[in-house]
Amino acid sequence: MPKTTNGGSVTPPDPTSGGEARPTAVPADAVSASADNSDTTPHTNGRADTSGRNVSARKKQYVIAPRQGQDGLQTLGLQPLQFAALEQALRDSSDIEVVDKVGPKSVLGTLADGMGGGQGVLVARMTEQKAVALHQQGQGRLLVEHDQHLNLMDPQLRQPVMVTGVAPTDSSGPVLNAIISVIGKDGAPQANAEVSLFGSMLPASGVTDVNGQVTLSLFGETRDTVRGLYVKPKADYWSFYQSDPDISNEQANVVALRALSDWPALAGFPRQRAYGWGQKAMRLDQLPGNYRGQGVKIAIIDSGAATSHDNLHGIHAGFDVINKKTNPNSWDQDTLGHGTHCAGVIAAADIASGIRGFAPDAEVHACKLFPGGQVSQLIDALEYCIEKQIDVVNLSLGGADVSEALEQQILRAKRAGVACIVAAGNSGGAVQYPASSPNVLAVAAIGKLDEFPADSYHAQTLDSNVDAYGYFTAKFSCFGPQVAVCAPGVAITSCVPPNNFAAWDGTSMATPHVTGLAALTLAHHPELQTPQYKPRGPERVERLFQIIRASARRVSQGDPSRVGYGLPDVLLAVGLQTQPAQPAMQPQQMMPMMMPAYDPFALGMLPYYRPPIGYAPLAW
């Protein structure tokens, strides 16, 4: 909803007293009057139907907080008792429901700068009309924002580039019914695989059953108009994509997936421990064994972390924000797998099997915010980070709009010494919020040739910006001047529940690489152990960001706004080297039209650009 952009307002001086202008509080009686006297008559559609009820505007959830001054330290006249009076007025209103109050839980949190001097924020349900009235009464000193939902995973692929957006209306028109059968090693059926067929109009998507089969129907399509077939397995296999597939409507169409371990770089995986290609690109595999992130606290605000995974048994702390009133300790139940995947990249245990994380000895806290996370709950999760004195926070999430209330909390966390590392976004457009905040470190995604099969969907992420070492900017990655660095975010293999592995794409996958590197930097860089930067505070956060940016090397020859300072280097970030080192690999001989090198799974070469559909990653 619209928000006043000035720093607040004051009452005019009293001409009879000669006094100066003074700040005003939001009158509690004005709030009550607005709530009780506003027009609540439901709008009708011209019919009087006694058997039902008229449709009217539903109540929405809003975040209410005192706005900070331009320096972020003062509340411009909204003193604690006055905000408490506002809270009581809202609670007394018959048609405003206060559902939560998010704020400091201890003296430590109260002393942290920002967010109304420790007063907290209110979460309330009301109609938009009342929210507008309350915002106006605040005279620019009160934030009243829609409590927007945050994005973590896209449930399905977006439509092809040239869709009409119109479904066929004639039921007698053509219908393509196709059975897709997905199998793995030794012909084993793969249940719960996501399958999508793309035609010239609306796509058809479904999930395979226990027999590995799903029936999809494309209305208004024929075999000749099908543009693409996409299969995303649940775990342990590479994805599959075929442009212009030869689809039969008379017999099952079989897709045989390839196991992750069949890829040469993952031979013996997961029985034998492996580094991901991204970790090797950042030279984690060259780091001395005693550099393990000891003493650093990391929070992963995501969908939880499945501690049932062999590589994640070391995670012992967390907070389920979305179920805090009923089961706050269910943070270890990850129904989406997204948080578990991020946790694996950051801190997977250094054991004989699976993958090795950047900081296996760091103290990891899993804050469960999804599915269904909202801005108010992210504010609550960051409050947890302030209370627990977290050092680095991984935020592989984003929202549609900027939230000033959330920004105040991010600033407050920074002043408490909490460094937020945030995914830039997967829309392929401008950097999304909160990655666009000046108080965080925004991470874009890159990929590398020869790190995924040619017939996997990862190949759809390539763009024309491929450098001599095979690095490319991912098509889906958001870009802009806010991007600080880039990191591997294509075909990233990591943990998924209950004890499996999956290769995913997204700036969601790039961000944990930088979060893990940040933990190593805080734990081991000599400068961050000095009296100047050892204490928690905004100076330490800023210096950490500077070191990470300074460690980066340029990748890709494309727009710098897509890669920022470049790809961070672990050895430089922890202070073991002071001069940028040349990559260990040699530039590969590029084929005509910049095609990838030979894929052992393919019969020939795959052009780097495949235009049938636009890339839409399932997570960020």
Side-chain angles (χ1 to χ4, degrees), residues 104-106 108-109 111-114 284 287 290-302 305 314-319 331 339 342-343 345-348 357-367 369 378 380-396 409-423 434 437 439-443 484-485 487 511-551 568 570 573-575:
K105 301 173 179 61
S106 68
L108 177 65
L111 295 177
D113 288 336
L284 178 66
L287 193 68
N290 59 325
Y291 284 65
R292 305 166 64 86
Q294 305 93 316
V296 174
K297 295 182 180 181
I298 305 171
I300 304 171
I301 302 179
D302 212 286
I315 301 179
H316 302 294
F319 174 39
W331 52 266
C342 293
V345 174
I346 294 171
F358 276 83
D361 285 359
E363 179 182 317
V364 177
H365 294 242
C367 295
L369 189 65
L378 178 52
D380 204 359
L382 289 172
E383 189 64 43
Y384 172 92
C385 295
I386 294 171
E387 297 284 345
K388 297 295 183 180
Q389 293 190 290
I390 297 297
D391 297 299
V392 187
V393 176
N394 189 91
L395 292 170
S396 292
Q409 181 73 325
I410 291 174
L411 178 60
R412 182 163 174 262
K414 180 179 179 180
R415 287 179 168 154
V418 181
C420 293
I421 315 292
V422 188
S437 165
N439 297 302
V440 305
L441 192 80
V443 183
V485 293
T511 304
H513 285 76
V514 180
T515 299
L517 176 135
L520 291 174
T521 304
L522 277 173
H524 304 294
H525 194 286
E527 188 175 354
L528 295 177
Q529 316 311 315
T530 63
Q532 181 179 4
Y533 293 114
K534 184 70 173 179
R536 300 175 59 81
E539 295 81 9
R540 184 177 76 152
V541 173
E542 275 302 323
R543 185 59 186 140
L544 171 65
F545 289 170
Q546 290 171 2
I547 292 173
I548 292 173
R549 290 192 293 261
S551 77
V570 171
V574 300

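For the numbers below, each heavy atom of this structure counts, side chains included, while hydrogens, waters and symmetry mates do not. Here the structure is a predicted model, which means the values were calculated and not measured. Along the sequence shown, residues are numbered consecutively beginning with 1.
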**Complete:** All heavy atoms of Cys342 vs all of Ile300, minimum pair found to be CB-CG2, 4.3 Å

**Backbone N/O of His525 and side chain of Gln529: donor-acceptor pair under 3.5 Å** = yes

**Item:** Closest non-hydrogen atom pair between Arg412 and Pro104, with its separation
**Value:** NH2-CG, 3.3 Å

**Message:** Would you compute the distance between atom CD1 of Ile346 and atom OG1 of Thr515 and round it to the nearest 0.5 angstrom?
**Reply:** 4.5 Å

**Asked** Is it true that a side-chain atom of His524 and a backbone atom of Arg292 form a donor plus acceptor pair closer than 3.5 Å?
**Response** yes

**Asked** What is the distance from atom CD of Gln294 to atom CG of Leu520, rounded to the nearest 0.5 Å?
**Response** 9.0 Å

**Prompt:** Which distance, rounded to the nearest 0.5 Å, do you find between the NZ of Lys534 and the CG of Leu522?
**Reply:** 8.5 Å

**Complete:** Smallest heavy-atom separation, Ile410 atom then Ser437 atom, equals CG2-OG, 4.3 Å

**Fill in**
CZ of Phe319 to CD1 of Ile301, rounded to nearest 0.5 Å, is 10.5 Å

**Asked** Can you check whether Lys297's main-chain N or O pairs, donor with acceptor, with Asp391's side chain at less than 3.5 Å?
**Response** yes

**Prompt:** Which heavy atom of Ala573 sits nearest a heavy atom of Ile547, and at what distance?
**Reply:** O-CG2, 3.6 Å

**Message:** Between Arg536 and Val541 (side chain of the first, backbone of the second, donor and acceptor by atom type, cut-off under 3.5 Å), is there such a pair?
**Reply:** no

**Request:** Please tell me if the side chains of His316 and Glu363 come closer than 4.5 Å, counting only heavy atoms from C-beta onward.
**Result:** no

**Fill in**
For Leu544 and Ala419, the nearest pair of non-hydrogen atoms, with its separation, is CD2-CB, 3.8 Å

**Request:** Indicate yes or no for a side-chain donor-acceptor contact from Arg415 to the backbone of Pro538 under 3.5 Å, with no hydrogens or angles considered.
**Result:** no

**Item:** Centroid-centroid under 6.0 Å between His365 and Tyr384 rings
**Value:** yes

**Request:** For residues Pro568 and Thr521, determine if any side-chain heavy atom of one lies less than 4.5 Å from a side-chain heavy atom of the other.
**Result:** no

**Asked** Do Val443 and Val485 come close enough that some side-chain heavy atom pair is under 4.5 Å?
**Response** yes

**Request:** Evaluate the side-chain proximity of Asp302 to Ser396: yes if any heavy-atom separation is below 4.5 Å, no if none is.
**Result:** yes

**Asked** For the residue pair His513 and Phe358, is the inter-centroid distance of their aromatic rings smaller than 6.0 Å?
**Response** yes

**Message:** With side chain to side chain contact (heavy atoms under 4.5 Å, CB included) as the test, pick out the partner of Ile421 among Leu395, Val392, Leu517.
**Reply:** Val392

**Message:** Do Arg543 and Gln546 pair up side chain to side chain, a donor and an acceptor below 3.5 Å, judged on atom types alone?
**Reply:** yes

**Message:** I need the Glu387 CD to Leu382 CG distance, nearest 0.5 Å.
**Reply:** 12.0 Å

**Item:** Which atom of Val418 lies closest to which atom of Cys385, heavy atoms considered
**Value:** CG2-O, 4.2 Å

